[in-house]
Protein chains: 2
Amino acid sequence: MQTRRRQIEDVASALFSSRGYAATSMRDIARALDLQGGSLYSHIPSKEAVLAAIVEEAAEDFHAAVRPVAERPGPAAERLREMIAAHVRVVTGGRERAKVFLFEWTFLGEDRRDAVARSRSAYQGYFERVVAEGVAAGELSAPDPKLSAVFILSAMNAIAYWYRPDGALGPDALAGHYAELFLRGLQAHER
Amino acid sequence: MQTRRRQIEDVASALFSSRGYAATSMRDIARALDLQGGSLYSHIPSKEAVLAAIVEEAAEDFHAAVRPVAERPGPAAERLREMIAAHVRVVTGGRERAKVFLFEWTFLGEDRRDAVARSRSAYQGYFERVVAEGVAAGELSAPDPKLSAVFILSAMNAIAYWYRPDGALGPDALAGHYAELFLRGLQAHER
DNA sequence: CCTACCGATCGGTAGG
DNA sequence: CCTACCGATCGGTAGG
C-alpha cells in the first residue's frame, strides 16, 4: 500500500512537473499506472493531498540539506558555497519533485499554502543571514542581504526548468559556477 | 471592438498571472468583464489565441528594449548594466503580462510554442554575446558565457513573482542592485 | 452580446 | 481495484 502511494506520487510529480498541476487530471495519473481513475482513491484522499505530499517532502529535503550548513560557524563565503552546492544537488537530484515544490505549491489549499509560504520564507532566511554575517565580518559586500538571497535562490530554482541529467554540466560543476557567479560576479579576476 | 479585445487580454493577463492559464476558465474572464462566457467569442477565436496575443506582445517588448543595447558598441559591463535595467523595467512595468509570457507560454499549442522557444533562445543570445565580448576584451571573467546569461535572466525573471509597485525598491534601484550582483558579486570591494 | 445548448471531461463516490 | 455513476464545469457554437 505504501508502495502504491509512492508510485502515485512519483507519477504525479512527473506529470505535475511537465504539464502543471491544474492541467493534469487524476485520470492522467491513473493511466500511467494502468489503473482506472476512481481506483486512485483507495490510496489517496484527494488530488490536493498528492500535491501536498510531494511539496512537503521536497521542502523537507531542502531544509535538511541547507540548514546545517547555514548554522555552522566558519567563513560566510565558504558556507555559501556549500549551501549553493546543497541546494543545487536537491534540485538536480529530484528535478520533477523540486519543480513541483518550487512552482506548483500555489495550487495547494489555503492552510497548506500558508504553511509552505512560511517554510520558504524561513529557508530564504538561511541565505540572508549568512550573507549578513559575511558583511558584518567585513568579508562580503552586500547593501541588501535579503535581495542577495532572493537573487541567488531565483537563479538556482530556475535550474529545475532546464537541467537534464545527461547534460554537459554535472550538479557540482554547475553549483561551482553559480557560487563563483554569486560570490565574485563577472569581475575580471585580478591576480 | 479593438478596445474590447484589449480589455479581454488585460483581464486574461491578470487572471492567467495569478491563477495560471489552465486554472482560469473563459467564464472567469467573462465574469470580470460582466459578460456571458460565450460572448467572448465574438472578439476572440479561442482561449489559446488570447494567451498567444499576451505572450507575443510581451516577447516583442523585451526584444525591443534590450536588443538595441546589446548590439550597440561600447564596454560590455556598461551595456550589461543597461540591458539589465531594460529587462527589469519591462518586467516591473507590466508584471502580469511579463509573468504570463515568462511562465505560462508552455500552454501554447505546438507551433506557437516552438516560435516562442526560438524567440527566447535568441533573446538569451543577446546577454550571452555581450558577456562573451566582455571576456574577449579582457574586461570580464566568465568561463561559461551561456551559463552566465541563464543565471542573470533566471534571477531577473523571478522578479515577476514578487515585485509590487508599492514596494520599497523601484525598478531602477532594483536593476542597479541586480547589475551590481551580476558584475561584482558579493566580493568585498577593495578601494 | 445573450440564451441556450453541445459533447467532453473534471474530481470524487457507491457498491461490490 | 473495477464498474458505473454523480453533479459541476469546461471550451466553444448556433441562432438570434
Side-chain angles (χ1 to χ4, degrees), chain A residues 1-56 96 100 103-113 116, chain B residues 1-56 96 100 103-113 116:
Chain A
M1 302 300 119
Q2 247 266 24
T3 301
R4 216 24 162 173
R5 217 198 137 122
R6 186 76 206 185
Q7 287 179 47
I8 293 171
E9 285 170 23
D10 288 342
V11 164
S13 291
L15 292 172
F16 292 168
S17 158
S18 63
R19 310 181 188 177
Y21 176 78
T24 301
S25 75
M26 294 310 282
R27 286 163 179 85
D28 291 333
I29 296 171
R31 194 176 309 117
L33 291 165
D34 271 312
L35 295 180
Q36 295 302 312
S39 304
L40 293 171
Y41 291 87
S42 353
H43 303 100
I44 52 119
S46 68
K47 187 185 180 187
E48 195 217 327
V50 178
L51 176 60
I54 296 166
V55 164
E56 280 154 20
E96 291 164 347
V100 173
F103 304 111
E104 303 291 320
W105 67 279
T106 48
F107 291 102
L108 289 170
E110 193 175 18
D111 290 355
R112 295 201 253 220
R113 199 173 59 236
V116 173
Chain B
M1 300 300 119
Q2 248 267 26
T3 301
R4 213 26 159 173
R5 215 198 140 121
R6 187 77 206 184
Q7 287 178 49
I8 293 172
E9 286 170 24
D10 288 343
V11 164
S13 290
L15 292 173
F16 292 169
S17 159
S18 65
R19 309 180 189 177
Y21 175 77
T24 300
S25 75
M26 295 308 283
R27 286 164 179 85
D28 291 334
I29 296 170
R31 195 176 309 117
L33 292 164
D34 271 310
L35 296 179
Q36 295 302 310
S39 304
L40 292 171
Y41 291 87
S42 351
H43 303 100
I44 52 121
S46 70
K47 188 185 179 186
E48 196 217 326
V50 178
L51 176 61
I54 296 167
V55 163
E56 280 154 21
E96 291 165 347
V100 173
F103 303 111
E104 304 291 321
W105 66 279
T106 48
F107 290 102
L108 289 170
E110 194 176 18
D111 290 354
R112 296 202 252 220
R113 199 173 58 236
V116 172

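Below, chains carry the letters A, B, ... as their sequence lines are ordered, and counting in each starts from 1.
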Can a side chain N or O of [X] be found less than 4.0 Å away from OP1 or OP2 on [N]?
X: B/Ser39; N: C/dC2; value: yes
X: B/Arg4; N: C/dC1; value: yes
X: A/Ser25; N: C/dC10; value: yes
X: A/Tyr41; N: C/dT13; value: no

Of A/Gly37 and B/Tyr21, the one whose closest DNA chain D nucleotide lies more 5': A/Gly37
Euclidean distance, atom [atom1] of residue [X] to atom [atom2] of [N] [Å, nearest integer]:
X: B/Gln36; N: D/dT13; atom1: CD; atom2: C1'; answer: 15 Å
X: A/Asp34; N: D/dC1; atom1: CG; atom2: P; answer: 11 Å
X: A/Ile8; N: D/dC1; atom1: CD1; atom2: C1'; answer: 11 Å
X: A/Ile29; N: C/dG12; atom1: CD1; atom2: C1'; answer: 13 Å
X: A/Ile44; N: C/dT13; atom1: CD1; atom2: P; answer: 10 Å
X: B/Phe107; N: D/dC10; atom1: CZ; atom2: C1'; answer: 15 Å
X: A/Leu33; N: D/dC1; atom1: CG; atom2: P; answer: 9 Å
X: A/Arg5; N: D/dC1; atom1: CZ; atom2: C1'; answer: 17 Å

Of A/Leu40, A/Val11, A/Ile29, the residue whose pairing with A/Leu35 passes side-chain contact (heavy atoms from CB on, under 4.5 Å): A/Leu40
Which nucleotide in D/dC1, C/dG12, C/dC2 has an atom nearest any side-chain atom of A/Arg27: C/dG12
Side chain of B/Met26 (C-beta onward), nearest among C/dG11, C/dT3, D/dG11: D/dG11
Short side-chain to backbone donor-acceptor contact, B/Glu104 and B/Gly20, under 3.5 Å: no
Short side-chain to backbone donor-acceptor contact, B/Arg113 and B/Leu108, under 3.5 Å: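 At least one qualifying donor-acceptor pair exists.
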Touch class at under 4.0 angstrom, heavy-atom based, for A/Leu35 against every strand present: sugar-phosphate
For D/dG12, the Watson-Crick or wobble counterpart (both distances under 3.5 Å):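 Check on D/dG12: paired to C/dC5, both distances under 3.5 Å.
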Which residue lies more 5' along DNA chain C, comparing A/Pro45 with A/Asp28 via nearest heavy atoms: A/Asp28
Value rounded to 0.5 Å, distance of CE in B/Met26 from OG in B/Ser39: 11.0 Å
Heavy-atom side-chain proximity of A/Glu56 to A/Arg112 below 4.5 angstrom: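 Yes, at least one pair of side-chain atoms sits under 4.5 Å.
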